[in-house]
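Predicted model, so just to flag it, every value in this text is computed and none were measured. Naming: A, B, ... by sequence-line order, numbering from 1 per chain.
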Amino acid sequence: MTEATGDQYREQRLANMRELQRMGYDPFGSAFARTGTLAEIRAAFAAGREVSAAGRIATMRDMGKSRFMDLRDGSDRFQIYLRRDALGEEGFAAAGRLDLGDHIGVTGALFTTRSGEQTIEVRAWRMMAKALRPLPEKWHGLKDVEARYRQRYLDLACNPETREIFARRSRAAAAVRAFLNARGFQEVETPMMQPQAGGAAARPFATHYAALNADMFLRIAPELYLKRLLVGGCDRIFELNRCFRNEGLSRTHNPEFTMLEIYEAYGDVQSMKRLVTDMVAHLADTVYGGRAVRMGETTIDLNPPWREVAYRELLEETMGAGWHALPADEARRRAAERGVAAEPGWGLAEISHEIYEKVIERTLVQPTFVTRLPAAIVPLARACPDDASCADVFELVIGGQEIAPGYTELNDPLEQRRRLEGQAGADREKVDEDFLEALEHGMPPAGGMGVGIDRLLMVLSGAEAIRDVILFPQLRPRKEP
RNA sequence: GGAGGCGUAGCUCAGCUGGCAGAGCAGCGGACUCUUAAUCCGCGGGUCGUGGGUUCAAAUCCCUCCGCCUCUACCA
């Protein structure tokens, strides 16, 4: 960002700044008592009323001995009017040294122009902050996607749609907390730095804690700590915070992402299903302003009840009625017809899951609970009462994306040990003994759920990429030449 | 990691059958005391992502590297 011509703008702005200083203006002013935000001033508009307002100069229209500007703050845009007669020779000349993007504070009387625009006729003004670099253009805004992510402040400063997305994000977090608090759930915070990264199957980020000379991992899920809290008698808890997974970037993956995990003692997969249904509908109302949510070409109807279908049925729907009775090599051939390549050692279960993830999941645009997943792929969930090969879980899919898995949690410590040891194989150190010991003290039966907040926000704001709902998404660090 | 696309002024974009690097906005100078994408007159502004190659001549064709995007791979 140090191109030769960029400096031309900077030099001009620096010159304007020095000139303002010479005239007695502090280019980086301090606190300013404004009447309210621009939106509040507009809402309480009354001709003749004296107000103080602050904002960034968004546009300027110079008429010679008078000048119009648009101020912009986080709430609105408001026109101000500067006249030489009103400001005096010096004040008006000083205002001539203002540049687009400068923060100023103004005081003056409200009036309506001939063309009907609500305006402040400025009697006095102050410098709040000089902008030494130009903002992106007023009409097209900032479109360059890389710049929008790397310099999000520019994106926010000139694209109202971006501000709206993150306003929604904030409202969503507040609404989630209010919703859960109202149902007796307590928010907790558990370690992000863990000696063992458990609760999910993902590569963790590794770090080192010098004081203890201990290798640590950034958490991939809070699950195993939240279950310790269930043992401790925290019956209804949730955690809304960051998880980290050392994996690739994609349209729907960011290495740090926000997950909401909820546990309810004496609940099960059914109570979680009801909870997430109510919560998503509530979020649609409060965050999106309706339950028919546009996503690209299609409209997603978030009105409950939502479709519920067993994993096995989905596969039969797609692959034919006899699917589950097929020999592996025949299944492999039919998978290949669907463009799904099965690896050499795979049996029917692995091939089926590959088809589910690669073919079926993306077709589930309307909210769908996929239930009764194979037990082998959900080691922390209890088996279905009527079929030990199925886990008593759901996976909520919206817009073709996995949004929330919900479980009847496994609370049998011996069974849990068998599964974790089976999963760890020879890698016994990966078994979280501390967690198993906690379970042996008795964890109440519970329903548990994890909600991918970023992906849910994508649905609730029509965003096509997870980067668009994360303020500073992960990008490759820029190398200095 | 693999495949494809993109990278030109502060911003948004043209130019890409090789032939003097362009427009709008922004900036600078001038006119204008109700404009609002203000208008009018004039002017300046470029490492065409980087490095190399082909050529009399490269923003344009070829290769390297960097970054971004999409797909893919990894991903309970």
Does A/Arg419 pair with A/Asp412 as a salt bridge, N-O distance under 4.0 Å? no
Euclidean distance for P, B/C48 against B/A21 (whole angstrom): 11 Å
Once you apply the 3.5 Å cut-off to both distances, tell me the Watson-Crick or G-U wobble partner of B/A3, or none. B/U70
Sole candidate of A/Asp144, A/Asp468, A/Asp155 that passes side chain to side chain donor-acceptor pair (under 3.5 Å) when paired with A/Tyr149: A/Asp468
In the structure shown, which nucleotide is the Watson-Crick or G-U wobble counterpart of B/C48, with both distances under 3.5 Å? none
Indicate whether any N or O donor in one side chain lies under 3.5 Å from an N or O acceptor in the other, for A/Trp323 and A/Thr318. no
Does the side chain of A/Lys138 get closer than 4.0 angstrom to OP1 or OP2 of B/A26 through an N or O atom? yes
Should A/Arg114 be listed as having a side-chain N or O under 4.0 Å from OP1 or OP2 of B/C34? no
Polar side chain donor-acceptor pair, A/Asn246 to A/Arg203, under 3.5 angstrom: no
Going by distance alone, is a donor N or O of one side chain under 3.5 Å from an acceptor N or O of the other, for A/Arg61 and A/Gln79? yes
Does a side-chain N or O of A/Arg83 approach OP1 or OP2 of B/C34 to a distance below 4.0 Å, or not? no
Does the side chain of A/Arg84 get closer than 4.0 angstrom to OP1 or OP2 of B/U33 through an N or O atom? no
Would you say B/U70 has OP1 or OP2 under 4.0 Å from some side-chain N or O of A/Arg467? yes
In whole Å, I'd like the distance from the CD atom of A/Glu223 to the P atom of B/A76. 13 Å
Nearest-angstrom distance, P atom, B/C63 to B/A23: 33 Å
Using the P atoms only, state how far B/C16 lies from B/A26, rounded to an integer number of Å. 28 Å
It should be established whether A/Arg251 places a side-chain nitrogen or oxygen under 4.0 Å from OP1 or OP2 of nucleotide B/C71. yes
Test for a donor-acceptor pair under 3.5 Å between the base of B/C75 and the side chain of A/His253, counting only N and O atoms. yes
Assess whether one donor atom and one acceptor atom, taken from the side chain of A/Gln79 and the base of B/U35, lie less than 3.5 Å apart. yes
